[in-house]
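To start, the structure itself, in structure tokens.
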Amino acid sequence: MTFSREEHLWIPESDLEGMSVDTLAVRAGQIRTGQLEHSDAIFPTSSFVYGSAAQAAARFGGEEPGNIYSRFTNPTVQAFEARIAAMEGGEKAVATASGMAAILSTCMALLQSGDHVICSRGVFGTTNVLFQKYMARFGVETSFVSLTDLDAWRDAVRPQTRMLFIETPSNPLCEVADMAALSELSKANDALFVVDNCFCTPVLQRPLEQGADLIIHSATKYLDGQGRCVGGVVVGPAKYLDEIYGFLRSAGPTMSPFNAWVFQKGLETLPIRMRAHCNNALELAEWLEGQPAVAKVYYAGLESHPQHELAKKQQDGFGGVLSFQVQGGREEAWRFIDATRMISITANLGDVKTTITHPATTTHGRLSPEDKAKAGITENLIRLSVGIEAIDDLKIDLIRGFQALKD
Ligand SMILES: *Cc1c(COP(=O)(O)O)cnc(C)c1O
């Protein structure tokens, strides 16, 4: 490929080979227009024009590559897709309107009536609803099993099993799946192994390198990291991504150019943000473990965590989400949460601002008491998505919670 500084539009893919995720985050997938702008351009346009009727015909006929309509392709969206694909080490990426649209599009493109899915029990609540309520209506049945119980995964396999779906680490208890083992199981049964990599991002974990077939992201979380917009993406080999793209083009849950631009800029700071999240979360987890009013802390960075060694092997960091139980029940958990003043009471996560949540009555409130018990969502459990504020200021705010438990 010839490449001159004067006419560069894309950094050639061959140059990106072997670069670290830190470099790819700021350099991969950039488009430059004739203005030679330094930052990434944004193309907020629904359609594209042609030089002639013949060119329009060639574009529609597929003989000439190029943009037609932003439900199909848009340069800003493609730039975001190229960047995240490079960071995850995937051949292709397809951006979607939300994380849920990424999961839906994957299922619609790659499953059919009669297929069976095995999903880990602790997944994002809406993912659970999508499988149990909607996919079931179209003849796709889902079994839910414990993320860490390999025998349960093996027992759940049926001749019709076509997909294994997990999140690792899990929300909110930070359980860690053995991706190599699940990848082996999926291959032995000709099923797809899909990993929702929302919690780790490619900075801390690259599931394709560990045997996953497809990666899902809610870009809404860490990829943006500043709570600005909702989006999603699927990453993996072209043989699957082309099918998913085909569904998206027909069904329409595509990402807007504006959102793609925000996510593209978000990726640039993702590596330094993730390290700051990890450092703060580990320090808080260790500090919380030493508090008399804390019954238990769940964080894979702690040596007390049952999958600590596995997390060390699979991940380049332990992430920004942790949870802990206070002594008592719902009343004590709520009193603790309400006593904080800086930390945001919200169910969102992955933000530079620290957020605090009571899973039993919010994110996991729809679960039946039995399912809550199975998933370990107790009334005294509090989840923190640790942001990048100064650690001492976070401790000062959490001490307000501990003080409220004494009063
Ligand atoms: C938020 C979230 C989703 C859904 O993403 P949206 O962008 O809200 O549609 C999926 N998986 C995980 C792990 C999430 O945290």
Side-chain angles (χ1 to χ4, degrees), residues 77 80 84 88 93-108 117 119-135 142 144 147 163-177 179 194-205 207 212 214-235 244 248 251-256 258-260 262-263 266-267 270 274 277 300 315 319-323 346-351 355 357 359 362-367 375 377 383-387:
V77 177
F80 165 66
I84 184 74
E88 287 283 13
V94 171
T96 56
S98 66
M100 290 318 303
I103 301 173
L104 174 69
S105 302
T106 302
C107 291
M108 292 301 281
V117 175
C119 182
S120 56
R121 193 171 279 127
V123 287
F124 187 65
T126 315
T127 305
N128 196 305
V129 174
L130 179 69
F131 281 121
Q132 288 215 74
K133 183 168 175 191
Y134 294 101
M135 295 314 291
T142 305
F144 292 89
L147 182 68
M163 183 185 284
L164 273 53
F165 189 102
I166 63 160
E167 279 167 29
T168 183
S170 71
N171 176 18
L173 296 184
C174 302
E175 289 182 314
V176 179
M179 286 196 282
V194 182
V195 177
D196 183 331
N197 200 26
C198 184
F199 274 56
C200 273
T201 84
V203 175
L204 304 182
Q205 169 172 283
L214 288 165
I215 293 170
I216 303 275
H217 275 288
S218 167
T220 316
K221 311 296 165 48
Y222 287 107
L223 302 195
D224 170 23
Q226 291 159 79
R228 295 167 294 194
C229 44
V230 174
V233 66
V234 190
V235 189
I244 294 166
L248 220 77
T254 43
M255 181 179 280
S256 82
F258 178 76
N259 287 5
V262 171
F263 293 129
L267 289 181
L270 184 65
M274 289 315 290
H277 285 297
Q315 302 171 204
V321 178
L322 63 88
S323 57
T346 171
N348 199 19
L349 60 90
D351 201 279
T355 66
T357 311
T362 60
T363 52
H364 294 68
R366 275 180 298 198
L367 296 185
I377 312 296
R383 185 190 74 191
L384 282 177
S385 168
V386 182

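Please read these numbers as outputs of a predicted model, since none were measured by experiment. We count ligands from 1, going down the list as the structure has it; atoms in each ligand are counted the same way.
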| request: For Glu88 and Asn197, run side-chain hydrogen bond (donor to acceptor under 3.5 Å, both in side chains): C-alpha distance rounded to whole Å, both residues' side-chain angles, the deciding distance at 0.1 Å, then the answer. | output: CA-CA 10 Å; Glu88 287 283 13; Asn197 200 26; 3.0 Å; yes
| note | The protein heavy atom nearest to atom 8 (O) of ligand 1 is Ser218 OG, 4.1 Å
| said: What I want to check is whether the side chains of Asn171 and Arg383 have a donor and an acceptor closer together than 3.5 Å. | reply: yes
| query | For ligand 1, which atoms, with element, lie under 4.0 Å from some heavy atom of Gly231? | reply | 7 (O)
| said: Using 30° and 60° as the class boundaries, would you call the ring planes of Phe80 and Phe263 parallel, tilted or perpendicular? | reply: tilted
| Heavy atom of the protein closest to atom 14 (C) of ligand 1 (residue, atom name, distance) | Lys221 NZ, 2.8 Å
| If we only count heavy atoms from C-beta on, is the Val117 to Met135 side-chain gap below 4.5 Å? | no
| note | Among non-hydrogen protein atoms, atom 7 (O) of ligand 1 lies closest to Thr220 OG1, 2.6 Å
| query | For ligand 1, is there an N or O atom under 3.5 Å from any N or O atom of Gly99? | reply | yes
| message | Can you name the atoms of ligand 1, numbered from 1 with element, that are less than 4.0 Å from a heavy atom of Glu167? | response | 13 (C)
| Option with minimal heavy-atom separation from atom 11 (N) of ligand 1, where the choices are Thr126, Asp196, Leu104, Thr127 | Asp196
| said: Test your reading of the model: is there a side-chain donor-acceptor pair from Thr201 to the backbone of Val203, 3.5 Å cut-off? | reply: yes
| said: Does the Lys NZ or Arg CZ of Lys221 fall within the cation-pi geometry relative to Phe124 - under 6.0 Å from the ring centre and within 45° of the axis? | reply: yes
| Taking the six-membered ring for Trp, are the ring centroids of Phe199 and Tyr222 within less than 6.0 Å of each other? | no
| task | May I ask you to identify, for Met100, whether its side chain, its backbone, both or neither come under 4.0 Å of ligand 1 on a heavy-atom basis? | result | both
| Got the closest protein heavy atom to atom 4 (C) of ligand 1, with its distance? | Phe124 CE2, 3.3 Å
